[in-house]
Amino acid sequence: MSNDGPTLNDDSFRGGRAQTGHTHSHGSGPDHSHPLTPGQHAHARGRNGRDQPASGGGHDFDLPALPEAVDVFDTTLRDGSQQEGLSLTVDDKLRVAEQLDHLGVTFIEGGWPGSNPKDAEFFARAPTELNLARATLVAFGSTRRAGVRAEDDETLRHLVEAQTEAVCIVAKSSEMHVVDALRTTLDEAVSMVVDSVEFLRANDLRVFLDAEHFFDGYKANPEFSLRILAAAEEAGAEALVLCDTNGGTLPYEVERIVSTVLGGFETQVGVHFHNDSGCAVANSLAAVGRGATHVQGCVNGYGERAGNTDLSAAIPDLSLKLKVATIPPERLELLTPVAHHIAELVNIAPDPQQPFVGASVFAHKAGLHTSAIARRSDAYEHISPELVGNGTRFVVSEMAGRSTLSMKAAELGLELDSQAMASVLDSLKRLEHEGYHFEVADGSLELLLRHSTGWEQDFFELESYRVIADQSEGNSTEATVKVLVGSERIVATAEGNGPVNALDGAVRAAIGAHYPGLAGVHLVDYRVRVLDSARGTGSVTRVLIDSTDGDRTWTTIGVSENIIAASWQALSDSIVYGLLHAPVPPGPIAGG
Ligand SMILES: [Zn+2]
């Protein structure tokens, strides 16, 4: 144990009080009680030794200190939004918080009130505009400044005014940072913690202490780092959160240090990792394996530099593999949709290779794998993708064999005979060579497969379209389409803010009266990429359009040397797919 610094059996570090029952009170603050969170309940059970914690809960790990549950603390709206290029309006922040609540996290850190007008506005609007069903909103701040009384400190005042039930304050817990960055004494740093926590507790707030640079500080001067925790415990902090602020700590160090801290304090221990060594999720699991019951991080792992602990991975690792309760089990299948929804809100394209929730992580490309997985789905998948709301996707590409395609066809209820199969494979190879990318365009792929069975869409027949962009008219774009619906010829014109928008308007104007189901179909995203032509004759443009009918979403594709032609292909596929799947069976209205 000599490597671990003080063992904490020494009472000089201890200020903690035993926790009993289903509420607990903290330190010297007023007698303020709140129901125990699942993580706190697990912490208390583990410490009191009444029950063996979750070991034996269905995993094969020798982890006697593994708790039954942890509290998931999401910090996307504070630490996560430090990511370069990530900027959220107050409305975005409210929507992200709703998604996190929907997923079922325990705590949502909303921002730092008083540090900027946006966060101030967020906390001003949250009480009336944010209806959280289960999560507790937390305001973030720091301890009082050196040499300032807590009552006179602006940061602490803003925390009280934020009107949340709980606050999280950061305290420097590394000697080097106190001396070099704060330029104050170690004793003053300890007093800053005591005064701040006591002040916030006296204002009836639940307090989490983020011990900044804890792991690095502990390695250099464990005694001081532990004094900070002891001060927070004594003053009534609800959880001591050990932060790896520089993100360079490795799991072996985490296990040792978390065990030591848990051996010396009564208070719940949490962890906050940054991913600079690629170990943030592993470190979180290592800490929980040693008894930590509060895990901070961000859905999708957002954050500055290499990001924070990716909760989209930590949650299923804990729940599914370690059998430690995190979010409510029935919400686990919301993980992929919520992660993607949040990616959309923060306007960062989801990473297709992100563990558990990425679009590619249950996709199988090699022909060998796809035929094997068709026989046994667990042969090449570490979990069943449905558990986290992700789906097994079979990538259709030139590499794919017949088994992939026949499975896709079976999914759609289509029977492809060997001749149809050969023709689809041929078309796919040719089209992918031209720049099509059917693995991201499920809607167009389905139409292609249907086409190979002899099916032709008969919703409308295009005679011609024309698009005019007029700079003098405020950059407005006008589109005219001429179509046949049955034997009726219709000409319609619409304006839009771009060619796709104008064409979409014109088609709707032309055929909308015949197909009421079209009103429920909306384009949600439009992406253009210029590709080097595989034939070397110049570049081609690839257009992808995402559409939704509120129930399902689909992607369609168009490729052409002409951006308008590529856009039309993707748009008309989107509309045909939407009509094909419209909830009310489509068909020309009688007499129309
Ligand atoms: Zn951080």
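These numbers were taken from a predicted model, which means no experiment stands behind them. Note that ligands are numbered from 1 as they come in the structure, with each ligand's atoms numbered from 1 the same way.
Residue Asp210: no N/O/S atom is found under 2.8 Å from the Zn ion (ligand 1). Among the backbone and side-chain atoms of His272, an N, O or S atom lies under 2.8 Å from the Zn ion (ligand 1).
Inspection of the Glu238 and Gln40 side chains reveals an N or O donor paired with an N or O acceptor under 3.5 Å.
Salt-bridge check for Asp91 with Arg125: passed, with a basic side-chain N closer than 4.0 Å to an acidic carboxylate O.
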Go through the steps for Tyr218 and Phe224 under the test ring pair (Phe, Tyr, Trp, His ring centres under 6.0 Å), then give the verdict.
CA-CA 8 Å; Tyr218 181 91; Phe224 171 69; over 10 Å; no
Go through the steps for His158 and Phe123 under the test ring pair (Phe, Tyr, Trp, His ring centres under 6.0 Å), then give the verdict.
CA-CA 10 Å; His158 285 304; Phe123 284 103; over 10 Å; no
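When the Zn ion (ligand 1) is compared with the N/O/S atoms of Asp79, atom OD2 turns out nearest.
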